[in-house]
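These notes concern the structure reproduced below.
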Amino acid sequence: MPHADAVLRLGILFAAALWAGVQNQLAGGGSFLTLPALMLAGMDARAANITSTVALFPGQVTGGWVGRKSAQGTEGLSLRALVAISLAGGAVGAVLLLATPSSFFARLVPWLVLFATGAFAWGSFGKKPRADGAASHLGPWMGGFVQFLIAIYGGYFGGGIGFLMLAALALSGLAMRAAGATKNVLAGVMNFTAVLIFLFSGQVRWVEAGVACVAAVLGSVVGARMLKRVNEKALRVVVVLIGVALTVGLFWQAGRQP
């Protein structure tokens with residue numbers, strides 16, 4: 001029955017978004033779950049990406065608000081300047097996404113997921129920047145430019161932006177704890193303009209977005225309470241495996257299309 005099939009798909013979406021909320025609190029990479037779940041619910045890749053961004057936004061705002069007191073600017077670049085750069089870049093990325101034909105974006109998604117998976121794996125298991133932020137290589141101009149590019153990518157797709165920002169902020173001289181808090185604030189900021197543009201795009205599937213949003217917020221609460229009891233490294237391995245499986249599946253699906 002069509003109605004039963006729709007309920008089943010919404011149930012799968014709720015479960016995926018619930019897990020995504022938990023995962024974002026513990027390790028990140030929640031969009032690896034919501035994107036395929038939304039596509040399974042019958043959306044094309046672009047609409048699924050837009051709806052996922054809107055649905056996960058409240059959780060990002062919550063995370064940024066909780067750690068806002070530890071957020072700060074880099075040497076020669078204030079937090080206010082980083083916020084302005086992120087707002088501008090997020091808006092550019094969102095406009096570029098809306099200007100991208102759905103068919104082209106569908107062919108691009110496997111490559112974006114592959115890049116996001118690589119960024120996640122590099123950020124999780126690659127060489128870590130020094131905790132005291134001493135390994136500074138990016139000056140204020142280059143740091144601002146890199147943040148602008150990351151913000152464009154964040155507004156356009158967003159997978160792996162946390163690790164990209166964490167690396168860039170650490171290379172700009174921030175200690176890791178401050179970089180983590182600043183990254184959370186800027187992630188919410190860059191998606192604010194993207195979400196604002198998406199709200200008026202006509203591309204958001206509101207029923208699915210509502211279901212995913214509620215589930216992701218609940219998952220965020222659960223994840224915050226699990227934070228000290230879960231093996232984070234093992235969870236990151238699971239995230240990378242999900243990313244690899246999703247990449248393979250998307251490339252296989254793209255190869256079947258005419």
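Listed by chain and number, the residues in a salt bridge (charged side-chain N to carboxylate O under 4.0 Å, His left out) with Arg46 amount to none (sequence neighbours excluded). For Ala84, the side-chain contact (heavy atoms from CB on, under 4.5 Å) criterion is met by no residue, not counting sequence neighbours. Partners of Leu8 according to the side-chain contact (heavy atoms from CB on, under 4.5 Å) rule, which considers only residues two or more places apart in sequence or in another chain, are Ile12. By the side chain to side chain donor-acceptor pair (under 3.5 Å) test, Asn49 pairs with no residue at all, sequence neighbours left out. Residues satisfying the side-chain contact (heavy atoms from CB on, under 4.5 Å) test with Ala41, not counting sequence neighbours, are Glu208.
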Name the atoms and distances for all side-chain donor-acceptor pairs under 3.5 Å in residues 28-37, with sequence neighbours left out.
unit_1 : atom_1 : unit_2 : atom_2 : d
Thr34  : OG1    : Ser52  : OG     : 2.8

Show me the donor-acceptor pairs, under 3.5 Å and distance only, between side chains in residues 89-99 and residues at least two apart or in other chains.
none

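Every pair tested for salt bridge (charged side-chain N to carboxylate O under 4.0 Å, His left out) that includes a residue from residues 76-99 fails, sequence neighbours excluded, so the list is empty. Residue pairs meeting the ring-ring contact (aromatic ring centres under 6.0 Å, His included) criterion with at least one partner in residues 168-205, sequence neighbours excluded, do not occur; the list is empty. Within the structure, side chain to side chain donor-acceptor pair (under 3.5 Å) pairs that include any residue of residues 150-162 comprise Thr100-Tyr156 (at least two apart or interchain).
Across all non-hydrogen atoms, the minimal contact from Gly243 to Val113 is O-CG1, 4.0 Å.
In this structure, Leu13 shares a hydrophobic cluster with Leu10, Phe14, Leu18, Leu38, Met43, Val207, Val211, Val214, Leu218, the cluster being traced through Ile, Leu, Val, Met, Phe, Trp and Tyr side chains under 4.5 angstrom apart. Grouped by direct or indirect side-chain proximity (heavy atoms under 4.5 Å, Ile/Leu/Val/Met/Phe/Trp/Tyr only), Val217 sits alone.
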